[in-house]
There are 2 protein chains.
Amino acid sequence: MTETTGEGTGAGTGTCAGPPQGDRRPDGADRYTISEVAALTGLSAHTLRWYERIGLMPHIDRSHTGQRRYSNRDLDWLALVGKLRLTGMPVADMVRYAEMVREGDHTYADRFDLLKATREDVVARIAELQGTLAVLDRKISFYADAGRALASERSR
Amino acid sequence: MTETTGEGTGAGTGTCAGPPQGDRRPDGADRYTISEVAALTGLSAHTLRWYERIGLMPHIDRSHTGQRRYSNRDLDWLALVGKLRLTGMPVADMVRYAEMVREGDHTYADRFDLLKATREDVVARIAELQGTLAVLDRKISFYADAGRALASERSR
DNA sequence: TGCTTGCCTGGAGTGCACTTCAGGGATCTA
DNA sequence: TAGATCCCTGAAGTGCACTCCAGGCAAGCA
């Protein structure tokens, strides 16, 4: 197997990006227009074209009139990109990853490193956020108490 | 008590922002220069001035020559701002919060709401990140396996 | 045949959070 | 007295990730 996008090109695989996207067409009939993909992914058509221009997408098929026709495989890739974007990975890094995918199997180790580093970033970010939660909760309970005190004062 | 910054103006309180900052001066002698505050908070002097200009800081004391002199209270406020920034709260919202603090006790309910909404955002973001962790881990283990396979192939 | 809809392109514009620049004052050390 | 260091201000610039615009082609249909 040559890992390219996520997990083959089959039917929906459970771990999906933002909007629900169970309405895929069977392989062979999978030629989505840009606006269909926009609806499916929550990205704008502009953004989809822009992703392509900066090298974040593989070459997208075209209709005989030059319009883009996305495949299920492209959708898988976009789902992965969506996940990476959620991690806060800069677009430039995603482009590097896409380049490595295009370059073939010999970039496996580099891809591994990139993902590993991203994973560590995510873990650190989660810890950071949990730290902020603690602060927020302290202040929230302060205001909740203060609110109750004011209320009972008004009712006196 | 009138909640303004974090938790009074006493010595370090445990929950600190980014860089460690236990080296506070006692109240009364707490007149830090901008570069001291920059070192303490990890923000640049430029950013500190900018925060002030956009209304994110209370009025900062000045020396007789017009230079800023920050107090422990200001440091507390900056620690809170740092936490809110970590949540991803837009600066404009932090400014709104700062305005509410300036306006006094009658904004308690609004401040409560703002912090509550922020809390929900943070919880959602953590869940999102945990979702990305799952995807990353699947791909990382794919590449780990593939790496092992390639290694054993090379050693044959 | 004209009209609408959907798509195409390159390039300019946007919003955010800073960051840098240009020009100048006050204090300290030799 | 000179030079270094630290600070001041307003305004312009930067980098990122889109987002919008102008101008135009192709297909469907009344």
Side-chain angles (χ1 to χ4, degrees), chain A residues 17-19 31-57 59-71 74 77-78 80-98 118 121 125 128 132, chain B residues 17-19 31-57 59-71 74 77-78 80-98 118 121 125 128 132:
Chain A
R31 296 175 59 76
Y32 307 89
T33 66
I34 198 166
S35 58
E36 285 168 339
V37 176
L40 248 30
T41 59
L43 297 166
S44 74
H46 298 296
T47 301
L48 287 167
R49 291 193 202 100
W50 180 67
Y51 276 4
E52 196 177 331
R53 207 158 56 210
I54 64 176
L56 186 50
M57 296 295 296
H59 273 125
I60 301 296
D61 226 36
R62 298 293 178 122
S63 72
H64 70 106
T65 55
Q67 302 194 349
R68 290 171 182 77
R69 291 293 178 262
Y70 292 81
S71 68
D74 297 327
W77 174 252
L78 281 170
L80 174 63
V81 165
K83 285 291 184 188
L84 293 180
R85 203 176 37 137
L86 284 180
T87 67
M89 182 187 279
V91 167
D93 287 4
M94 292 196 275
V95 170
R96 266 202 329 120
Y97 184 79
T118 303
D121 289 352
R125 183 90 184 94
E128 229 173 45
T132 69
Chain B
R31 294 175 60 75
Y32 307 91
T33 65
I34 197 167
S35 59
E36 285 168 338
V37 176
L40 248 29
T41 60
L43 297 165
S44 74
H46 299 296
T47 301
L48 288 167
R49 292 192 202 101
W50 179 66
Y51 276 4
E52 196 177 331
R53 206 161 55 213
I54 64 176
L56 187 49
M57 295 295 295
H59 273 126
I60 301 297
D61 225 36
R62 298 293 177 121
S63 73
H64 70 105
T65 55
Q67 300 194 350
R68 290 171 181 78
R69 291 293 178 261
Y70 293 79
S71 68
D74 297 328
W77 174 253
L78 281 169
L80 174 63
V81 165
K83 284 293 183 186
L84 292 180
R85 203 176 38 135
L86 284 180
T87 68
M89 183 188 278
V91 168
D93 287 6
M94 293 194 273
V95 171
R96 264 199 334 117
Y97 184 78
T118 303
D121 288 352
R125 183 90 184 94
E128 229 174 46
T132 70

Please enumerate all protein N or O atoms sitting under 3.5 Å from an N or O of nucleotides 22-27 of chain C, with distances to 0.1 Å.
residue : atom : partner : partner atom : Å
C:dT27  : OP1  : B:His64 : NE2          : 3.3

**Prompt:** What pair of heavy atoms forms the shortest contact from A:Leu56 to A:Val95, and how long is it?
**Reply:** CD1-N, 3.9 Å

Write down the protein N/O and nucleotide N/O pairs, taken from nucleotides 9-12 of chain C, whose separation is under 3.5 Å; answer none if there are no such pairs.
residue : atom : partner : partner atom : Å
C:dT9   : OP1  : A:Arg62 : NH1          : 3.4
C:dT9   : OP1  : A:Arg62 : NH2          : 3.2
C:dT9   : OP2  : A:Arg68 : NH1          : 3.1
C:dT9   : OP2  : A:Arg68 : NH2          : 2.7

**Item:** Gap between atoms OH and P, on A:Tyr32 and C:dC7 respectively (whole Å)
**Value:** 15 Å

**Fill in**
In short, B:Ser71 meets B:Tyr32 closest at the heavy-atom pair C-CE1, 4.1 Å

**Item:** Presence of B:Ser44 side-chain N/O under 4.0 Å of C:dC18 phosphate oxygens OP1/OP2
**Value:** no

**Request:** Using side-chain hydrogen bond (donor to acceptor under 3.5 Å, both in side chains) as the criterion, list what pairs up with B:Arg31, not counting sequence neighbours.
**Result:** B:Asp61

**Request:** Tell me what A:Arg69 touches on the nucleic acid: a base, only sugar-phosphate, or nothing, going by heavy atoms under 4.0 Å.
**Result:** nothing

**Request:** Output all residues satisfying salt bridge (Lys or Arg N to Asp or Glu O under 4.0 Å) with B:Arg68, sequence neighbours left out; order by chain, then residue number.
**Result:** B:Glu52

**Item:** Opening and closing nucleotides of DNA chain D in contact with chain A, under 4.0 Å to non-hydrogen atoms
**Value:** D:dA17 to D:dA27

**Message:** For a quick test of reading the model, state the closest non-hydrogen atom pair linking B:Asp74 to B:Arg69 and the distance between them.
**Reply:** OD2-O, 4.3 Å

**Fill in**
One should read off an interatomic distance between A:Tyr70 OH and A:Leu78 CG, to the nearest 0.5 angstrom, of 7.0 Å

**Complete:** To the nearest angstrom, the OH-P distance between B:Tyr51 and C:dA17 comes to 9 Å

**Request:** Taking all non-hydrogen atoms of both residues into account, name the closest pair between A:Ala98 and A:Gly55 and its distance.
**Result:** CB-O, 3.6 Å

**Asked** Is there a side-chain polar atom (N or O) of B:Thr47 under 4.0 Å from OP1 or OP2 of C:dT19?
**Response** yes

**Prompt:** What pairs with A:Ser35 under side-chain contact (heavy atoms from CB on, under 4.5 Å), at least two apart in sequence or on another chain?
**Reply:** A:Thr33

**Message:** If only side-chain N and O atoms count, and only distance matters, is there a donor-acceptor pair under 3.5 Å linking A:Asp121 with A:Thr118?
**Reply:** no

**Request:** Kindly give the heavy-atom pair with the smallest separation between B:Ser44 and B:Ala38, and that separation in Å.
**Result:** C-CB, 4.3 Å

**Item:** A:Tyr97 vs A:Met89 side-chain heavy atoms within contact, under 4.5 Å
**Value:** no

